[in-house]
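Okay, so here's the structure we're looking at.
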Amino acid sequence: MSYLRRYLAQGMTDPLEGPSVLQLGGSDPTQMDLACRAVMDLTKNSYCDYTALNLNCGCPSPKVAGKGCFGAALIDDPILVINVVEAMHEGSDQTLSITAKCHIGTDSG
């Protein structure tokens with residue numbers, strides 16, 4: 001947990017700096033819900049102060065997209081993207097904006 005606290009603390013910004021967005025990657029709605037709940041818990045305890053969460057649907061790297069349904073591979077399953085975004089919204093107590101980084105498409109579609 002201390003590693004997670006140090007990592008998320010990078011999101012602490014002076015309010016004058018503007019919004020700070022945390023990008024998450026994954027395809028399991030339950031795990032993404034839990035990840036967002038952890039971020040919210042750490043936010044409530046002043047370890048980070050993100051203003052939005054972002055789902056990575058754009059990384060085409062074989063190390064990311066090639067390991068199942070993650071990164072750009074998510075674009076091929078729009079229903080799963082909806083489920084993950086909804087889970088992230090619930091996990092963030094419906095208080096943070098949820099965005100998705102994506103590219104125009106994939107080679108498969």
Side-chain angles (χ1 to χ4, degrees):
M1 187 63 115
S2 65
Y3 171 78
L4 183 60
R5 286 181 183 157
R6 281 195 319 271
Y7 177 76
L8 292 176
Q10 296 175 53
M12 291 298 291
T13 60
D14 185 321
L16 299 176
E17 289 185 36
S20 178
V21 179
L22 175 65
Q23 184 178 79
L24 299 172
S27 60
D28 181 317
T30 301
Q31 290 298 314
M32 296 299 280
D33 175 271
L34 292 172
C36 292
R37 289 181 191 281
V39 170
M40 296 306 292
D41 183 53
L42 291 169
T43 297
K44 289 173 188 168
N45 289 300
S46 300
Y47 287 105
C48 57
D49 188 22
Y50 292 101
T51 56
L53 299 172
N54 176 269
L55 175 62
N56 181 345
C57 297
C59 186
S61 166
K63 290 183 177 180
V64 175
K67 293 192 179 221
C69 196
F70 176 54
L74 280 170
I75 293 300
D76 290 331
D77 193 346
I79 300 301
L80 180 56
V81 172
I82 291 168
N83 292 337
V84 171
V85 168
E86 288 175 346
M88 291 173 69
H89 184 63
E90 289 299 318
S92 69
D93 299 329
Q94 302 178 359
T95 59
L96 297 181
S97 296
I98 308 298
T99 62
K101 173 187 132 186
C102 59
H103 292 206
I104 292 174
T106 63
D107 291 338
S108 64

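Considering every non-hydrogen atom in both Ile75 and Cys57, the closest pair reads CG1-O, 3.4 Å. Taking every heavy atom of both residues into account, Ser92 and Ile98 meet most closely at OG-CD1, 4.1 Å. Here the shortest heavy-atom pairing between Leu80 and Ser27 reads CD1-O, 3.3 Å.
Leu22 places none of its side-chain heavy atoms less than 4.5 Å from the side chain of Leu96.
Annotation: the span from Thr95 atom OG1 to Met40 atom CE amounts to 3.5 Å, rounded to 0.5 Å. For the atom pair SG (Cys36) and CG (Leu24), the distance works out to 5.5 Å, reported to the nearest 0.5 Å.
Each salt bridge (charged side-chain N to carboxylate O under 4.0 Å, His left out) pair with one or both residues in residues 28-38, not counting sequence neighbours, appears once here: Asp33-Arg37.
By the side chain to side chain donor-acceptor pair (under 3.5 Å) test, Asp93 pairs with Lys44, sequence neighbours left out. Scanning for side chain to side chain donor-acceptor pair (under 3.5 Å) contacts around Thr99 gives Asn54, with sequence neighbours left out.
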Show me the donor-acceptor pairs, under 3.5 Å and distance only, between side chains in residues 83-91 and residues at least two apart or in other chains.
residue: Asn83; atom: ND2; partner: Ile79; partner atom: O; Å: 3.4
residue: Glu90; atom: OE1; partner: Gln94; partner atom: NE2; Å: 3.4
residue: Glu90; atom: OE2; partner: Gln94; partner atom: NE2; Å: 2.6

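Using a distance-only test at 3.5 Å, with no hydrogens or angles considered, a donor-acceptor pair links the side chain of Thr51 to the main chain of Ser20.
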